[in-house]
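This report concerns only the one structure given below.
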Amino acid sequence: MLGEGEAIVYNINKDYRIVKLKGNKCSLFFKNKQNQLLASLEGCQDIFSNILVANDIELTSLEKGYLLSFIRAKKYSISKEVAEVLEVSIIRYMDGREEYLSEKQLKRRIANGIDFASVYVGKLNSYSISIPRDGKDCSYNLSNAGVAKVVVEENCNINIDLRDNKSIESLVVGERFSGTINLSRSTIESIFVANNCQCNMHITDSKKCFNLQIADIYSGNLNISNSCMYALNIGYYSYADIVLTNNIIKKEIIVDDSFRGKLYASNQNVETIKIGSDCKGKIKINNHSSYIGIGKVIVGDDFAGNLNLVGDDSVISLEVGRKNKGNIDASFAENLHKLKIGKYYSGNTVLNNSSIENIVVAYGASGNIDIKNCKNLKLIEATIDNSLVVDADIPPCDIKTINGTIYYSYGHDYEMLSNVPLYKKIYRNIYNRFM
């Protein structure tokens, strides 16, 4: 090191040097032997936040290496933007230490496992990378990583940021994962999350249509908006909070048995949502168009949760399986035409002010159905031995019994009401009101 006038000059070798002006702690100037400026580093307090390459001439790999070696030797810190230009990655540990790694060094470090740190990838080109099992308290920023496939092995407690990644195609997450994953504006095409994962996943503005399959016992927050999916499948016994907004799903949404979480679906363009058996979760569907939305909702047996379709404009058909004892509110559902309820129904269903036309209730029902101000109602079909209680403000105009099934036809003629057979409970309140 030697001083020249107002500058301090660090000679890297006979071909390159770094100049630092006296009294200026915020800039370094990287020059060649002809004293030509190649790049300047700008920042304060030994932290360089920006690098300007002179005349937009890209530094060679050798020049980048010289500059990085100097930064390491002087224990300076650099920002993500500087790391990208120098084509290095940053590992910042919780104790304050920092490492600046070449692509080869980074691959080796990831393979060996990184804990209690944050990793920013400035450059990484590989078909796939694998994050070893049992990773703890590490955040990976892979937005600039040139990888097609990311595999996270079992029992990792980490965060993964793949936002704006233009290379990623596939993500596989192993069992017992705990952490967050952000795939917004990425080119992801396939996502698989294994069993027993507590994962907060965020996907906004996907660049491609993707498949998302989440296995059993999933918890966390799943937020997907303004994206395209081929299909969404969530496994058994999920506790997740799921928010789906303004998405196109080409096949269907399936939530498997024993759902215990919350599902909110707003403005989904998908034909069918299927909810498995033994659901005790809360489901709200709210679409604002009769042309684009959810056509059919199917709920399995032993439903004991809450299904809210209030004000929905797209669902045409609702089908609920056996032993339904849950609560369904489809008030003001403007496009709901058909409701089918399986055997042994004992729940509560509200259809007031909806466009319901046909209701089919199977054997053994003892629940409640409210159908006030349902001007499009045409037919209710129920077996003769039901104990169903229906609260309505219009009577049936015609009643027929065929092979143990009663058909209640609706209109404005009340004279047939007095001929109701010994079907004592269903429509008892209608009979008392109008006769």
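Sequential numbering from 1 along the given sequence is applied to the chain's residues. The shown structure was predicted, so the numbers you read here are calculated from the model rather than taken from an experiment.
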Checking Glu63 against Leu38 for the side chain to side chain contact (heavy atoms under 4.5 Å, CB included) test, could you report, in this order, the C-alpha distance in whole Å, the side-chain angles of both residues, the deciding distance, and whether it holds?
CA-CA 9 Å; Glu63 291 168 341; Leu38 301 178; 3.8 Å; yes
- Are side-chain N/O atoms of Ser258 and Asp278 paired as donor and acceptor at under 3.5 Å? yes
Would you say Asn200 and Thr180 are linked by a side-chain donor-acceptor pair, where the criterion is simply a distance under 3.5 Å?
no
Heavy-atom distance under 4.5 Å between the side chains of [X] and [Y], does that happen here?
{"X": "Phe210", "Y": "Ile203", "value": "yes"}
{"X": "Val121", "Y": "Leu106", "value": "yes"}
{"X": "Phe259", "Y": "Ile242", "value": "yes"}
{"X": "Leu339", "Y": "Leu351", "value": "yes"}

Between [X] and [Y], which heavy-atom pair has the shortest distance, and what is it?
{"X": "Leu28", "Y": "Phe48", "value": "CD1-CZ, 3.5 Å"}
{"X": "Ser49", "Y": "Ser79", "value": "O-OG, 2.8 Å"}
{"X": "Cys228", "Y": "Ser206", "value": "N-OG, 3.1 Å"}
{"X": "Ile371", "Y": "Asn352", "value": "N-OD1, 3.4 Å"}
{"X": "Lys136", "Y": "Ile158", "value": "N-CG2, 4.5 Å"}
{"X": "Leu379", "Y": "Ser409", "value": "CD1-OG, 3.9 Å"}

**Asked** What class does the angle between the rings of Phe70 and Tyr76 fall in, given that below 30° is parallel, 30 to 60° is tilted and above 60° is perpendicular?
**Response** tilted
For [X] and [Y], indicate whether the former's side chain and the latter's backbone hold a donor-acceptor pair under 3.5 Å.
{"X": "Asn112", "Y": "Arg108", "value": "yes"}
{"X": "Ser277", "Y": "Asp257", "value": "no"}
{"X": "Asn195", "Y": "Ala215", "value": "no"}
{"X": "Asn287", "Y": "Val315", "value": "no"}
{"X": "Tyr345", "Y": "Gly347", "value": "yes"}
{"X": "Ser186", "Y": "Asp164", "value": "no"}
{"X": "Ser89", "Y": "Gly122", "value": "yes"}

Residues at least two apart in sequence or cross-chain that pass side chain to side chain contact (heavy atoms under 4.5 Å, CB included) with Asn247, listed by chain then number, are Ile224, Ser227, Met229, Leu244, Ile249, Gln268
- Query: Does the pair Asn182 and Asp161 meet the rule for a side chain to side chain donor-acceptor pair (under 3.5 Å), with working shown?
  - Reply: CA-CA 5 Å; Asn182 197 324; Asp161 188 350; 5.1 Å; no
Apply the test ring-ring contact (aromatic ring centres under 6.0 Å, His included) to residues Tyr363 and Tyr344: give CA-CA distance (whole Å), side-chain angles for both, the deciding distance (0.1 Å), then the verdict. CA-CA 6 Å; Tyr363 171 87; Tyr344 310 112; 5.6 Å; yes
Lys/Arg-Asp/Glu bridge criterion (N-O < 4.0 Å) met for [X], [Y]:
{"X": "Glu84", "Y": "Lys123", "result": "no"}
{"X": "Asp391", "Y": "Lys372", "result": "yes"}
{"X": "Glu99", "Y": "Arg109", "result": "yes"}
{"X": "Asp241", "Y": "Lys262", "result": "no"}

Evaluate Val53 against Val85 for side chain to side chain contact (heavy atoms under 4.5 Å, CB included), listing each step before the verdict.
CA-CA 9 Å; Val53 179; Val85 175; 4.2 Å; yes
If we check side chain to side chain contact (heavy atoms under 4.5 Å, CB included) with [X], which of these qualifies: [options]?
{"X": "Leu222", "options": "Ile214, Val243, Leu263", "result": "Ile214"}
{"X": "Ile181", "options": "Val150, Val152, Val193, Leu171", "result": "Leu171"}
{"X": "Val299", "options": "Asn324, Ile328, Leu307", "result": "Leu307"}

Rounded to the nearest 0.5 Å, what separates atom [atom1] in [X] from atom [atom2] in [Y]?
{"X": "Ile188", "Y": "Asn211", "atom1": "CD1", "atom2": "CG", "result": "11.0 Å"}
{"X": "Lys338", "Y": "Ile359", "atom1": "NZ", "atom2": "CD1", "result": "12.0 Å"}
{"X": "Ile234", "Y": "Ile254", "atom1": "CD1", "atom2": "CD1", "result": "10.5 Å"}
{"X": "Asn353", "Y": "Asn373", "atom1": "CG", "atom2": "CG", "result": "4.5 Å"}
{"X": "Leu336", "Y": "Ile356", "atom1": "CG", "atom2": "CD1", "result": "4.0 Å"}
{"X": "Lys107", "Y": "Ser102", "atom1": "NZ", "atom2": "OG", "result": "9.5 Å"}

**OP:** Might you work through the side chain to side chain donor-acceptor pair (under 3.5 Å) test for Thr405 and Asn403, ending with a clear yes or no?
**Re:** CA-CA 6 Å; Thr405 300; Asn403 295 329; over 6 Å; no
Walk me through whether Glu169 and Thr187 qualify under side chain to side chain donor-acceptor pair (under 3.5 Å). CA-CA 6 Å; Glu169 297 176 1; Thr187 55; over 6 Å; no
Could you please spell out the steps behind the side chain to side chain donor-acceptor pair (under 3.5 Å) verdict for Asp312 and Asn286? CA-CA 5 Å; Asp312 176 80; Asn286 190 3; over 6 Å; no
Apply salt bridge (Lys or Arg N to Asp or Glu O under 4.0 Å) to the pair Glu58 and Lys64, showing each step before the final yes or no. CA-CA 10 Å; Glu58 185 175 350; Lys64 292 174 183 178; 3.4 Å; yes
- Item | Verdict with supporting geometry, Ile369 and Ile341, side chain to side chain contact (heavy atoms under 4.5 Å, CB included) | CA-CA 11 Å; Ile369 298 180; Ile341 300 176; 4.1 Å; yes
Practice problem: Take Glu271 and Lys296 through the test salt bridge (Lys or Arg N to Asp or Glu O under 4.0 Å) and record every step on the way to the result. | Solution: CA-CA 6 Å; Glu271 179 60 31; Lys296 187 174 185 179; over 6 Å; no
Steps toward salt bridge (Lys or Arg N to Asp or Glu O under 4.0 Å) verdict (Arg97, Asp95) = CA-CA 6 Å; Arg97 292 180 297 122; Asp95 61 7; 2.8 Å; yes
Derivation of the salt bridge (Lys or Arg N to Asp or Glu O under 4.0 Å) call for Lys343 and Asp301: CA-CA 9 Å; Lys343 293 181 178 180; Asp301 298 339; over 6 Å; no
Exercise. Where do Met201 and Leu212 land on the side chain to side chain contact (heavy atoms under 4.5 Å, CB included) test, with the steps shown first?
Worked result: CA-CA 11 Å; Met201 185 179 295; Leu212 174 54; 4.2 Å; yes
